[in-house]
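Heavy-atom basis, side chains included; hydrogens, waters and symmetry copies ignored.
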Amino acid sequence: QVQVVESGGGLVEAGGSLRLSCRVSGLSGLAFDKRPMAWIRQAPGKEREGVSCITTSDQTTYYVDSVKGRFILSQDNDKNTLYLQMNHLKPEDTAVYYCTPGCTVKSGSPSTLGLHPWGQGISVNVST
């Protein structure tokens with residue numbers, strides 16, 4: 001059974017930074033480094049949105065336009081951990097963030113189509 005330990009969220013002022021972590025254990029079948037992975041988010045009252053994802057075929061990373069240049073997705077395969085470095089945070093980044101297996105891209109932007117988060121999510125609140 002897959003288990004995730006999610007961390008790194010919290011309250012931060014606009015312009016600040018946070019680094020989200022998602023450590024995965026209990027995988028069967030494909031190893032962590034062979035799986036495409038994604039971060040998605042859901043803001044209050046809004047639908048889930050793809051934030052960033054990485055493919056395994058060519059290690060291409062995709063970002064939604066609103067976070068390009070501010071967020072960086074990375075992974076440590078030795079630790080089975082996915083990260084999302086979030087810089088220059090804005091109030092509109094306030095959301096619950098989820099790590100999820102898979103990387104679905106539509107028109108060059110990460111999508112949530114077919115993605116099912118493993119964990120309960122990480123709350124990020126950006127104040128003005």
Side-chain angles (χ1 to χ4, degrees):
Q1 184 176 352
V2 176
Q3 294 183 326
V4 294
V5 176
E6 300 166 308
S7 61
L11 175 64
V12 64
E13 291 184 351
S17 298
L18 288 172
R19 188 176 80 153
L20 307 183
S21 299
C22 173
R23 182 162 187 161
V24 183
S25 62
L27 289 172
S28 61
L30 280 178
F32 179 79
D33 62 342
K34 298 294 190 292
R35 296 175 181 260
M37 293 292 298
W39 287 98
I40 65 176
R41 66 185 178 185
Q42 187 165 20
K46 296 187 177 181
E47 294 185 353
R48 284 182 178 175
E49 173 189 41
V51 177
S52 180
C53 71
I54 184 167
T55 64
T56 51
S57 56
D58 56 3
Q59 293 290 296
T60 300
T61 307
Y62 298 87
Y63 297 93
V64 66
D65 284 348
S66 61
V67 309
K68 284 180 180 176
R70 301 189 297 122
F71 289 13
I72 301 172
L73 182 152
S74 64
Q75 58 189 96
D76 184 333
N77 293 327
D78 290 337
K79 297 180 179 179
N80 280 13
T81 301
L82 186 72
Y83 300 101
L84 185 67
Q85 177 66 43
M86 306 188 296
N87 301 318
H88 305 293
L89 282 160
K90 303 176 180 179
E92 51 264 43
D93 296 317
T94 294
V96 177
Y97 287 71
Y98 303 88
C99 67
T100 172
C103 179
T104 305
V105 180
K106 292 182 64 177
S107 302
S109 188
S111 167
T112 61
L113 185 65
L115 301 186
H116 303 283
W118 276 320
Q120 298 300 309
I122 308 169
S123 180
V124 171
N125 287 278
V126 184
S127 64
T128 55

Looking only at side chains, do Ser17 and Asn87 share a donor and an acceptor under 3.5 Å apart? yes
Are Thr55 and Tyr62 packed together at the side-chain level, in the sense that at least one heavy-atom pair is separated by less than 4.5 angstrom? yes
Is it the case that atom CD in Glu92 sees more than 12 heavy atoms from other parts of the structure closer than 6.0 Å? yes
Which is it for Leu11 and Ser127 under the side chain to side chain contact (heavy atoms under 4.5 Å, CB included) test, yes or no, and what are the steps along the way? CA-CA 7 Å; Leu11 175 64; Ser127 64; 4.3 Å; yes
Between Ser109 and Val64 the two heavy atoms that sit nearest each other are OG-CA, 3.7 Å
Any chance you could measure Leu84, atom CG, to Tyr97, atom OH, to the nearest 0.5 Å? 7.5 Å
As an exercise, state the distance from CZ of Arg70 to CG of Leu89, rounded to the nearest 0.5 Å. 6.5 Å
State plainly whether one hydrophobic cluster holds both Ile40 and Trp118, where clusters connect Ile, Leu, Val, Met, Phe, Trp and Tyr through side-chain heavy atoms under 4.5 angstrom apart. no
Using atom types as modelled and distance alone, determine if a side-chain donor or acceptor of Thr104 lies under 3.5 Å from a backbone N or O of Leu113. yes
Please find the pair of heavy atoms, one from Lys34 and one from Pro36, that lie closest to each other, and give the distance. O-CD, 3.9 Å
Heavy-atom pair with the smallest gap, counting every atom of Leu18 and Gly8: CD2-O, 3.6 Å
Quick check for you: to the nearest 0.5 Å, what is the distance between Thr61 atom OG1 and Leu73 atom CG? 5.5 Å
Following the transitive rule for hydrophobic clusters with a side-chain heavy-atom cut-off under 4.5 Å over Ile, Leu, Val, Met, Phe, Trp and Tyr, establish whether Val51 and Leu20 coincide in one cluster. yes
State, yes or no, whether a side-chain contact exists between Met86 and Val124 at a heavy-atom distance under 4.5 Å. yes
Could you go through Gln85 and Ser74, starting from their C-alpha distance and side-chain angles, then the distance that decides it, and tell me whether this counts as side chain to side chain contact (heavy atoms under 4.5 Å, CB included)? CA-CA 8 Å; Gln85 177 66 43; Ser74 64; over 6 Å; no
From CA spacing to verdict: side chain to side chain contact (heavy atoms under 4.5 Å, CB included), Leu115, Tyr98: CA-CA 10 Å; Leu115 301 186; Tyr98 303 88; over 6 Å; no
Are Tyr63 and Trp39 connected in a single hydrophobic cluster, I mean Ile/Leu/Val/Met/Phe/Trp/Tyr linked by side-chain heavy atoms less than 4.5 Å apart? yes
When you compare the side chain of Lys90 with that of Ser66, does any pair of heavy atoms fall below 4.5 Å? no
At what distance, to the nearest 0.5 angstrom, does CZ of Phe32 lie from SG of Cys22? 7.0 Å
Check whether any side-chain N or O of Thr94 sits under 3.5 Å from a backbone N or O of Val126 as a donor-acceptor pair, and report yes or no. yes
Nearest 0.5 angstrom please: Arg41 CZ to Glu49 CD, how far? 4.5 Å
Does the side chain to side chain contact (heavy atoms under 4.5 Å, CB included) test come out yes or no for Leu30 and Leu27, once each step is laid out? CA-CA 7 Å; Leu30 280 178; Leu27 289 172; over 6 Å; no
Could you state whether Ile72 and Ile54 fall into the same hydrophobic cluster, counting links through intermediate Ile, Leu, Val, Met, Phe, Trp or Tyr residues with side-chain heavy atoms under 4.5 angstrom apart? yes
Determine whether a donor-acceptor pair (N or O, by modelled atom type, separation under 3.5 Å) exists between the side chain of Thr112 and the backbone of Gly50. no
Return yes when atom CD of Gln120 has more than 12 non-hydrogen atoms of other residues, nucleotides or ligands closer than 6.0 Å, and no otherwise. no
Quick check: are there more than 12 heavy atoms from other residues, nucleotides or ligands sitting under 6.0 Å from CD of Gln3? no
Which heavy-atom pair separates Ala14 from Pro91 by the least distance, and what is that distance? CB-CD, 4.1 Å
Of all heavy-atom pairs linking Cys53 and Gly102, the shortest is CB-O, 4.4 Å
Check for me, please, whether Val12 and Phe71 land in the same ILVMFWY cluster - side-chain distances under 4.5 Å, paths through other members count. yes
Near Arg35 CZ, under 6.0 Å, is it more than 12 heavy atoms from other residues, nucleotides or ligands? yes
d(Cys99 SG, Ile122 CD1) to nearest 0.5 Å is 6.5 Å
